[in-house]
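Letters go in sequence order (proteins before strands), and every chain restarts at 1.
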Amino acid sequence: MVLEAVRTLQTQGMLPPNVSLEPELERPAQVAHGDFSTNIAMQLAKAAGKPPRVIAQALVQMLQAEAGLMESVEAAGPGFVNIKIKTADMMIEVDAIRQAQRQYGASEAGRGRKLLLEFVSANPTGPLNVVSARAAAVGDALANILQSQGVQVSREYYINDAGKQAHLLGQSMYATLKRKEDPDYPFPEGGYEKDYVAATATASADAGGAALREMNEGDAIIHHKEYGVQEMVKRHQKSLEEYGVKFDRWFYEHILHDKDKVQAVVDMLREKGHIYEKDEAVWFASTKFGDDKDRVLKKSDGGWAYMAADIAYHVDKFQRGYTELVDLWGPDHHGYIARMQAAMQALGYKPEQFIVHIVQQVNLLEDGKPVMMSKRGAGKLLEMDDLLADVGRDVARFFFLMRSTDSHLDFDLDLARQHSEDNPVYYVQYAHARICSILKKAAAEGVVLTSTMQSLGDQFRPEPEELALVRQLTAYPEIVEVCARTLEPHGLAFYLRDLATVFHRFYTVCRVVDASQPGRTQARLAIADAVRSILRNGLGLLGISAPEAM
RNA sequence: GCGCCUGUAGCUCAGUGGAUAGAGCAACGGCCUCCGAAGCCGUGUGUCGGACGUUCGAUUCGUCUCAGGCGCACCA
């Protein structure tokens, strides 16, 4: 709506210059600067050859002529034009929020996009760790956010069941059993030695029965590998399910090999002239696409390198009809990005069709000191399940979503365990529960919310706290849009905390249910209901519950 | 040595090229006869790691540099 005004503003602004600039409209950080402001005058200053303040003044005069829904418009600072919306018009947005319910903040802007989001994808050789928990929280929230913008999103989990690590798991299981009878039997180098390996190995032996005992070593290891991988995948699925993350598809690497997809993709690269042989290995000339060295796809021993299958996997995603691929990878994979992007470009895909975000490492802190964790060493193994059992899924998710994905994250366990005001999750959830409580109280007193802000019109004179609250509410759609565009959900977590703050302030100052002031009660109930709706929507996108009572 | 991430208040971190750089925690002091005190209000702190550049304007963009972390396999 305001954009139209700025457009006409632009044509009028043509008086001095004949260049047209994209007017930027933004929401100022400070209330004193109005609801919207534009820096157009400063951008035009050079072309117009006039000081920005002079241009701003001219624009203000023209805008005032067609006041419309603007309360005021004024020039300020070095040349900003600040616009204030009429409060009644601002309040009407409350009606829109209440009417749209879950749809508020949703958009159709992403319609037609088919995006595949791959995340977690941990090796099926052990339990999920806390980085996986972080990736799961981020990926799930991201998928929700993108879906709310109309993007068709699939959540996918890739299982490396065909490589060396999976094989090593099988070997470890075999060796663990073997060593019970023969303590001198060699344990594979870098093998998995945790308790769960022994337990899984025993179960696998039982499942294999007599047939297993007849097998030669190689076949027995494969039996254990397949059993072990299945077992680990089941555990991953269970952990993620308890976390509330549902994947649309669990994709096994071995399918690619079974269907010769790996060979096919190497052939595709070869046709395009990006493949050569050297030292009995097959190489991909990734340096042609910005990588710092060429990469081996087929090893001199005849086996496929991990990357070959991974390229095939990503091509498979495109072949399934997805036009955008987004991957969340762990911190140990960031050196891998350049070569995969090189591969996708070599195959003719555009850089923006394949985006990788790194989910950075997590440091768990207890008493201000880091909790030891290590994947294979003797240190205390910190599993995702342990974390969830400790702090709960809402807390875990919110803590993960409060940081930008690319930053290392210090997870303060002591704070996360607190069920108090200090814990930001409860702070937000409390606001929601509080509103539900107010609405219940109103119902108990026989107060029914029948009015709209539209119908109340100018009768309702909002307090500053109410204005601030409604202003914060109206920012919601834009927040979600930015999160979707940047593929970073943390802005939404911050927004919700800020909304809770503004609501709590409103609550202390403004009594909602007041029999002596029915009109005001109607307005405040409507505002509270709108806040409740947005808290629920926002928490929902983050995968966090919005309890009605705590 | 090369690459990626991060340097913003005592701590943990926000900050889509704009106005006086923000929040939470921690510290101290207030506020419940009244819809949930898991709440609110007040008190203050910054060479935005440093240098140079682009710009009307840089915490934001570029180059260099310093510090911390993580990667640099015919492992996955």
Report the relative orientation of the aromatic rings in F289(A) and F284(A); use parallel for angles under 30°, tilted for 30 to 60°, perpendicular for over 60°. parallel
Which part of the nucleic acid does F80(A) contact within heavy-atom distance under 4.0 Å: base, sugar-phosphate only, or nothing? base
When the C1' atoms of U12(B) and U65(B) are considered, how many whole Å apart are they? 27 Å
Residue pair L365(A)/M550(A) against RNA chain B: nearer the 5' end by closest nucleotide is L365(A)
How are the rings of W329(A) and H314(A) set relative to one another: parallel (under 30°), tilted (30 to 60°) or perpendicular (over 60°)? perpendicular
For nucleotides U59(B) and U54(B), find the distance between their P atoms and express it as a whole number of Å. 16 Å
At less than 4.0 Å, is any side-chain N or O atom of H490(A) found next to OP1 or OP2 of G15(B)? Yes or no. yes
Kindly determine whether M232(A) and Y196(A) satisfy side-chain contact (heavy atoms from CB on, under 4.5 Å), including the steps that lead there. CA-CA 10 Å; M232(A) 290 306 145; Y196(A) 68 83; 3.2 Å; yes
What residues 511-527 of chain A contributes to the RNA chain B interface at heavy-atom separation below 4.0 Å is R511(A), V512(A), V513(A)
Have a look at N82(A) and say if it touches a base, only the backbone sugar-phosphate, or nothing, with a 4.0 Å heavy-atom cut-off. base
Using atom P in both nucleotides, what's the gap between C61(B) and G18(B) to the nearest angstrom? 11 Å
Nearest-angstrom distance from the residue atom CD of E548(A) to P of C35(B): 20 Å
For atom P, what is the distance between C48(B) and U20(B), given to the nearest Å? 15 Å
A51(B) versus U8(B) - spacing of their P atoms, nearest Å: 16 Å
L439(A) and D529(A), any side-chain heavy atoms less than 4.5 Å apart: yes
With a 4.0 Å cut-off on heavy atoms, is A442(A) in touch with a base, just the backbone sugar-phosphate, or nothing at all? nothing
Tell me the interatomic distance from D410(A), atom CG, to A14(B), atom C1', rounded to whole angstroms. 15 Å
Remember a base hit wins even if backbone is also touched, and classify A549(A) as base, sugar-phosphate or nothing at under 4.0 Å, heavy atoms. base
Taking the same atom, C1', in G49(B) and in G42(B), what whole-Å distance lies between them? 33 Å
Look at all strands and tell whether C436(A) reaches a base, only sugar-phosphate, or nothing, counting heavy atoms closer than 4.0 Å. nothing
Nearest whole angstrom, please: distance from the P of C32(B) to the OH of Y507(A). 15 Å
OP1 or OP2 of A14(B) less than 4.0 angstrom from a side-chain nitrogen or oxygen of S404(A), does that happen here? yes
Can you see if the side chain of R505(A) gets near the phosphate of C41(B) - specifically, an N or O under 4.0 Å from OP1 or OP2? yes
On RNA chain B, more 5' by nearest nucleotide between L415(A) and D406(A) is D406(A)
Using a cutoff of under 3.5 Å, can you pull out all pairs of nitrogen or oxygen atoms linking the protein to nucleotides 71-74 of chain B, with atom names and distances?
unit_1 : atom_1 : unit_2  : atom_2 : d
C74(B) : O2     : S300(A) : N      : 2.5
C74(B) : O2     : S300(A) : OG     : 2.7
C74(B) : N3     : S300(A) : OG     : 3.2
C74(B) : N4     : D279(A) : O      : 3.3

What nucleic acid atoms does R485(A) come within less than 4.0 Å of, heavy atoms only: base, sugar-phosphate, or nothing? nothing
Aromatic centroids of F411(A) and F400(A) separated by under 6.0 Å: yes
Nearest-angstrom distance from the residue atom CG of N363(A) to C1' of G68(B): 12 Å
What's the verdict on side-chain contact (heavy atoms from CB on, under 4.5 Å) for F506(A) and V531(A), showing C-alpha distance, side-chain angles and the deciding distance? CA-CA 11 Å; F506(A) 154 85; V531(A) 176; over 6 Å; no
Syn or anti conformation of C32(B), syn meaning chi within 90° of 0: syn
Against the six-membered ring of F503(A), is R434(A) placed for a cation-pi contact (under 6.0 Å from the centre, within 45° of the normal)? no
Could you give the CG-to-P distance, from L328(A) to C5(B), as a whole number of Å? 16 Å
Given C13(B), G36(B), A76(B), identify the nucleotide with an atom nearest to the side chain of N123(A). A76(B)
Base-paired stems that RNA chain B participates in, counting runs of 3 or more Watson-Crick or G-U pairs under 3.5 Å: B:1-7 with B:66-72, B:10-13 with B:22-25, B:27-31 with B:39-43, B:49-53 with B:61-65
Can a salt bridge be assigned to the pair D294(A) and R339(A) using a cut-off of 4.0 Å between side-chain N and carboxylate O? no
Assign the ring pair H333(A) / Y336(A) to parallel, tilted or perpendicular, where the plane angle (0 to 90°) is split at 30° and 60°. perpendicular
One should read off an interatomic distance between L487(A) CG and L146(A) CG, to the nearest 0.5 angstrom, of 6.0 Å
Rounded distance (Å) that lies between atom P of C11(B) and atom CD of E366(A): 22 Å
When rounded to the nearest Å, what value does the distance between C1' atoms of C31(B) and U47(B) take? 39 Å
If you count heavy atoms of other groups shown closer than 6.0 angstrom to CD of E463(A), is the number above 12? yes
In whole angstrom, what separates Y430(A)'s OH from A38(B)'s C1'? 6 Å
Atom CG of D412(A) to atom C1' of A26(B): distance rounded to whole Å? 11 Å
Could you tell me how far C4(B) sits from C41(B) if I compare only their C1' atoms? Round to whole Å. 45 Å
Going by the angle between their ring planes, with limits at 30° and 60°, are F251(A) and Y313(A) parallel, tilted or perpendicular? tilted
Test applied, side-chain hydrogen bond (donor to acceptor under 3.5 Å, both in side chains); reference residue, T405(A); option that passes from Q360(A), E488(A), H357(A), R134(A): E488(A)
What's E445(A) touching, base or sugar-phosphate or nothing? Going by heavy atoms closer than 4.0 Å. nothing
Does CD belonging to E189(A) count more than 12 external heavy atoms closer than 6.0 Å? no
